[in-house]
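So the structure is just underneath, and the comments pick up after that.
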Amino acid sequence: MKLKINSPLPSPVDSDTENDIPKLKFPESRIHSGLDPNCRSTIPLCPKSFSKVMKSIDTFIFDADGVLWLGESVMPGSPRLIDYLVKHNKQIIVLTNNATKSRAVYAKKLAKLGYNSQKMNKNNLVNPAAVVADTLQRSGLDGKRVYLIGEQGLRDEMDELGIEYFGHGPEKKQEIDGAFMYDIKLEENVGAVVVGYEKHFDYTKMMKAANYLREEGVLFVATNEDETCPGPNPEVVIPDAGPIVAAIKCASGRDPLTVGKPCTPAFNYIKRKWNINPSRTMMIGDRTNTDVKFGRDHGMKTLLVLSGCHQIEDIIENQMNERDDMVPDYVAPCLGVLVPETNQVYY
């Protein structure tokens, strides 16, 4: 390999006290595996090179957790990068795979963390909850109800479009024995099963979902299939919606229409709403299998920041396994390091 990592990268919360930007050891040369001379290389960015790249980009799409914030804390330097792009008249879109909260709630969080509330509000946000509600409305449920496994974000977005649902929240406690197995009570007039992350997911919900999906006309829609989500403690695994969706796929024998990254419904939603030009759009995220793949699959430039889930080792692994769709065009430690010093302009 032409790039050797001798030690793990520091946590993104370790920061420079002077400018609050994470200190990360970072290569200056292109990143590639060295096994295939034709393999896609990844270019590290600094303020000067980013300033040149951004001239060919009209729209920047940002992932949220691990990029703009980490848990409940702002990612150091990220608000300054957003302000820098706004100053240069760039269009800003936030695209998260988190459907636990509505766009309105995430807009309030961005404002609380110090982001530009005029450019980063509900109207600039996209999450699977909004795309699910839009998908259901466009599908024409004809008065049928939705069996929902999901959190408040899905309910809020479905309420906004007048979509009737049931099933969310904890199931009534009951013995899971033979009698229960053979006598499960199912509702009628069900037109879709929607599955996302839900902390109350259990065997009963899996069984009900699988039985509703026996009817071919019942839609099966999933928010996203992320295996885990980032958190402030890298030693703790936090399962996301993916394991829940996988359980229902296995039990029902059906594949869902997944709307979150890297799948196409999220892209189609953005294309309809903003009419973006993919060749002049950059997708920025912290995961190669969702953010980078989403951008690469839909003709966008891609930037991986190392402030969340995936690191340089993951880029190299994808190159070695010929997963070109998960190799980013560019890489940076975090968003904050891309902002030029005050009054410094690059041509």
Side-chain angles (χ1 to χ4, degrees), residues 12-13 15-16 18-22 24 45-98 101 103-127 130 230 261 266 270 273-274 276-277 280-287 291-292 294-295 300-309 328-346:
V13 297
S15 61
D16 188 318
E18 181 178 349
N19 55 24
D20 207 27
I21 300 300
L24 300 176
L45 289 179
C46 64
K48 184 175 182 179
S49 56
F50 178 71
S51 180
K52 293 178 180 179
V53 168
M54 65 179 276
K55 292 178 181 179
S56 63
I57 304 297
D58 299 324
T59 301
F60 288 84
I61 303 177
F62 293 89
D63 178 42
D65 210 347
V67 179
L68 303 177
W69 64 64
L70 190 62
E72 297 304 313
S73 301
V74 67
M75 192 62 68
S78 292
R80 293 206 297 275
L81 187 276
I82 298 297
D83 291 340
Y84 176 65
L85 295 177
V86 170
K87 182 179 178 180
H88 287 80
N89 300 314
K90 303 300 181 180
Q91 180 168 251
I92 307 295
I93 300 170
V94 178
L95 172 62
T96 173
N97 259 10
N98 194 325
K101 298 178 179 64
R103 291 169 296 159
V105 172
Y106 283 128
K108 290 179 180 179
K109 179 174 182 176
L110 285 166
K112 182 180 179 181
L113 293 176
Y115 287 95
N116 186 321
S117 59
Q118 291 185 332
K119 297 296 181 179
M120 299 183 75
N121 52 47
K122 176 184 175 182
N123 296 324
N124 299 90
L125 279 159
V126 181
N127 74 341
K261 297 171 292 185
I270 290 173
K273 189 170 181 179
W274 285 280
I276 63 169
N277 178 352
R280 294 187 62 85
T281 300
M282 177 177 282
M283 178 69 219
I284 301 176
D286 68 317
R287 299 178 67 111
D291 303 313
V292 172
F294 177 77
M300 296 178 253
K301 297 292 188 296
T302 56
L303 165 61
L304 182 76
V305 290
L306 307 179
S307 50
C309 286
D329 297 292
Y330 305 102
V331 64
C334 63
L335 295 182
V337 301
L338 301 176
V339 184
E341 295 179 13
T342 305
N343 299 325
Q344 189 170 5
V345 178
Y346 298 109

Original post:
Going through the checks in order, is the side-chain contact (heavy atoms from CB on, under 4.5 Å) test met by Arg103 and Asn124?
Top reply: CA-CA 9 Å; Arg103 291 169 296 159; Asn124 299 90; over 6 Å; no
Taking atom [atom1] of [X] and atom [atom2] of [Y], what is their separation to the nearest 0.5 Å?
X: Ile284; Y: Ile57; atom1: CD1; atom2: CD1; value: 9.0 Å
X: Leu70; Y: Met75; atom1: CG; atom2: CE; value: 4.5 Å
X: Phe60; Y: Arg280; atom1: CZ; atom2: CZ; value: 10.0 Å
X: Asn277; Y: Asp58; atom1: CG; atom2: CG; value: 7.0 Å
X: Thr281; Y: Lys301; atom1: OG1; atom2: NZ; value: 9.5 Å
X: Ser73; Y: Leu113; atom1: OG; atom2: CG; value: 8.0 Å

**OP:** Ignoring hydrogens and angles, tell me if any N or O in the side chain of Ser49 forms a donor-acceptor pair with the backbone of Cys46 under 3.5 Å.
**Re:**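 The answer is yes, because a donor-acceptor pair under 3.5 Å joins these two groups.
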**OP:** Please check if the side chain of Thr96 supplies one atom and the backbone of Asp65 the other of a donor-acceptor pair under 3.5 Å.
**Re:**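 No.
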Around atom [atom1] of [X], are there more than 12 heavy atoms of other residues, nucleotides or ligands at under 6.0 Å?
X: Lys90; atom1: NZ; answer: yes
X: Lys108; atom1: NZ; answer: no
X: Lys273; atom1: NZ; answer: yes

Taking the side chain as C-beta and beyond, is there a heavy-atom pair between [X] and [Y] under 4.5 Å?
X: Asp329; Y: Leu303; result: no
X: Lys109; Y: Glu72; result: yes
X: Arg287; Y: Asp63; result: no
X: Met120; Y: Phe62; result: no

Subject >> Step-by-step side-chain contact (heavy atoms from CB on, under 4.5 Å) determination, Met54 to Tyr84 >> reply: CA-CA 11 Å; Met54 65 179 276; Tyr84 176 65; 3.5 Å; yes
Closest contact, heavy atoms only, [X] versus [Y]:
X: Val339; Y: Pro47; value: O-CG, 3.9 Å
X: Trp274; Y: Gln91; value: CD1-OE1, 3.4 Å
X: Asn97; Y: Lys261; value: OD1-N, 2.8 Å
X: Ser307; Y: Cys334; value: CB-CB, 4.1 Å
X: Asp286; Y: Leu304; value: C-CD1, 3.4 Å
X: Leu95; Y: Ala266; value: CD1-CB, 4.4 Å

Original post:
So which of Ile93, Leu110, Val105 actually passes side chain to side chain contact (heavy atoms under 4.5 Å, CB included) with Leu125?
Top reply: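 Only one option passes, and that is Leu110.
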**OP:** Go through the steps to decide whether Leu68 and Leu335 satisfy the test side-chain contact (heavy atoms from CB on, under 4.5 Å), and finish with yes or no.
**Re:** CA-CA 8 Å; Leu68 303 177; Leu335 295 182; 3.9 Å; yes
**OP:** Check the pair Asn127 / Asn98 against side-chain contact (heavy atoms from CB on, under 4.5 Å), numbers first and verdict last.
**Re:** CA-CA 6 Å; Asn127 74 341; Asn98 194 325; over 6 Å; no
Original post:
How about Tyr115 and Trp69: are their ring centroids closer than 6.0 Å?
Top reply: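 Between Trp69 and Tyr115, which both carry aromatic rings, the centre distance is not below 6.0 Å.
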